[in-house]
Amino acid sequence: MSSSRARLHSLGVASALRETFREGYSRRDFAGDLTAGVTVGIIAIPLAMALAIASGVKPEYGLYTAIIAGFLIALTGGSRYSISGPTAAFVVILYPVTQSFGLGGLLVATLMSGVILVALALARLGRLIEYIPESVTLGFTSGIAIVIAVLQLRDFFGLQLASIPESFMERLWMLIAALPQLNWANTAVALLTLLVLIFWPRLKLPVPGHLPALLGGTFLAWLLIQMGLDVDTIGSRFSYELPDGTQGKGIPPFLPSFEWPWRQPGPDGMPLEWSWAMMRELLPAAFSIAMLGAIESLLCAVVLDGMSGRRHHANGELLGQGIGNLAAPFFGGITATAAIARSATNYKAGARSPLSSMIHALVVLAGLLILAPWLSWLPMASMAALLVMVAWNMSEAHKVVALLKRAPVGDILVLLTCMSLTVLFDMVLAISVGIVMASLLFMRDLAGMTRFQDVSAQRKHVPQGLPEGWVVLKLSGPLFFAAAERVFDELAEQVAGRRGVVLYMDGVPLLDAGGINGFDRFSRFCAEQQLQLVVADLQFQPLRAMARAGIQPTDCLSFTATLEEALNSLNAKSGVQADMSVSS
């Protein structure tokens, strides 16, 4: 039993919650968590519904996600202040899955992503966010923001479209072509909601802008409906079936029921047929969901660390995200991850522990059971305006502009490539290409730092001169595959016709297989030219790499511990007596 607890502890299961109670938890802390949980829960209700609609499913599935996944991730995760639920970043992945595979396919993909997230946690890959450059992160998040904003244009302007193409450009042109038929009533509601969202923060009131914006939009929609105008609402767009077989409008006011994800409706409205072929088709989407969920949750945790001065448990957070996404699909919950904006609001509202996130989930549950009849009055245009604002905040346009102004050309190219690929194709391709581009550019810059210098005439290194025909070359920088061939070719040109060369390598911190091959070719060149080779001041890693490669001191003239010893030996053999007090 104790060994089982030790394994769970090492994995970071519920690490944030355990850390909270280990430090001590008071009534004052609970009061802070209660205030923050209620505040964020109220904000999360319309956001969860809007994000579910944007993902192509009914609004209640967003609420189920915030309730089930939001509670479980907080309970089992590794970030103290994170609020998890549906997020805008997933829309670009989830919407195409819903269109192709229906609700059932989306839930199965979410379930598969949960398995992948758990595997990432077990493999201790929680620090993967550190290896993704900022240009890549900004590129795909700003690209996602563009796609989300474009997806909202139909409801924002009340456009009547039978379907929306999957291709971004086709979708954009179809929306532009339909603009002359916009619904002025829906547009007025959306504009009012958006204006309140934009200007409300200037009042510096403690009430979040989402609530007055949605209330204002709902009131205007009600007035316009009373005047006989057509305004789409959640109640007019969505319906549900009551136990007696009758149809209800809007949100069902009861708890989600347990259902196998693969028995949920497919694209034709019939239960999805489980098959390995379907699993293979959903695997790319599941992998995309898992990777984005990992990046979003860990990025959110890093942001909260900066705000609070605390440290999250990265692998524990990945494990919690995996558990939440494993459980939620059995109750109709779609993909969940940590939401940066809601999490920041949670911390600023006084959160002290993961209990605030659990309370947030319970507030959403109460909203589902109590407020369902009133939630059906929310206008679709207001929900679209809310997501347009979310997309703007998500884009971090100020950071993009700053990077475009100040960053090196390579980083700008990576950002624009990731943004374009996210918009035109998909996020996984964008991240993959972005990381490869950033890595290649980094290796190019790093290889450019590897060079050598003739220090034979520098009294600091060679105070008493050298035997005739000898040269001392100081190498600096990592000798890895991208730099080794160039450097050793240049070295060969430099030493041609000499009697001997001393390679002073105290500035070489790294030697990889490419560097070993380059050194081996250079040593063979020296042997063919009857040119003596001495290697001095090897750092530990290059020395170990040469030892593993089987390169012995007899393969060249000698390996020496220091440059001083090498020069003393050479001068002694040449009959030059000198006091070699060299500081290497």
Stepwise, does the side chain to side chain contact (heavy atoms under 4.5 Å, CB included) test hold for Phe168 with Ile146? CA-CA 10 Å; Phe168 176 82; Ile146 293 171; 4.1 Å; yes
Run the side chain to side chain contact (heavy atoms under 4.5 Å, CB included) test against Leu34 and tell me which residues pass, sequence neighbours left out. Phe30, Val38, Ile359
Pair Ser343-Asn346, side-chain donor/acceptor within less than 3.5 Å: no
Is it the case that over 12 heavy atoms from other parts of the model lie below 6.0 angstrom from the CZ atom of Phe254? yes
Evaluate the ring planes of Tyr64 and Tyr61, with Trp represented by its six-membered ring, and classify them as parallel (under 30°), tilted (30 to 60°) or perpendicular (over 60°). perpendicular
For residues 389-404, pull every pair meeting salt bridge (Lys or Arg N to Asp or Glu O under 4.0 Å), keeping only residues two or more places apart or in separate chains. Glu396-Lys399
Test log, rule side chain to side chain contact (heavy atoms under 4.5 Å, CB included), inputs Ile148 and Val390: CA-CA 9 Å; Ile148 292 171; Val390 169; over 6 Å; no
Side chain to side chain contact (heavy atoms under 4.5 Å, CB included) for Leu103 and Thr98? Distances and angles first, verdict last. CA-CA 6 Å; Leu103 174 64; Thr98 306; 5.8 Å; no
Under the side chain to side chain contact (heavy atoms under 4.5 Å, CB included) rule, what do Val364 and Leu368 come out as? Steps first, then yes or no, please. CA-CA 6 Å; Val364 176; Leu368 173 68; 5.7 Å; no
Sorted by chain and residue number, the side chain to side chain contact (heavy atoms under 4.5 Å, CB included) partners of Thr417 (sequence neighbours excluded) come out as Leu413, Leu421, Val433, Met437
Between CD1 on residue Ile43 and CG on residue Leu211, distance to nearest 0.5 Å: 7.0 Å
Applying salt bridge (Lys or Arg N to Asp or Glu O under 4.0 Å) as the test, list every pair that has at least one member in residues 133-159; sequence neighbours left out. Asp155-Arg237
Pick out which of His313, Arg80, Arg311 makes a side chain to side chain donor-acceptor pair (under 3.5 Å) with Glu19. Arg80
So the salt bridge (Lys or Arg N to Asp or Glu O under 4.0 Å) pairs with at least one residue in residues 402-427 (sequence neighbours excluded) are none
Any idea how Phe330 and Trp260 line up, ring-wise: parallel (<30°), tilted (30 to 60°), or perpendicular (>60°)? perpendicular
Quick one: which residue pairs count as a salt bridge (Lys or Arg N to Asp or Glu O under 4.0 Å) with a foot in residues 194-218, not counting sequence neighbours? none
In this structure, OG1 of Thr137 is separated from CD of Glu296 (nearest 0.5 Å) by 9.0 Å
From Thr422, Val91, Thr87, residue fulfilling side-chain contact (heavy atoms from CB on, under 4.5 Å) relative to Ile144: Thr422
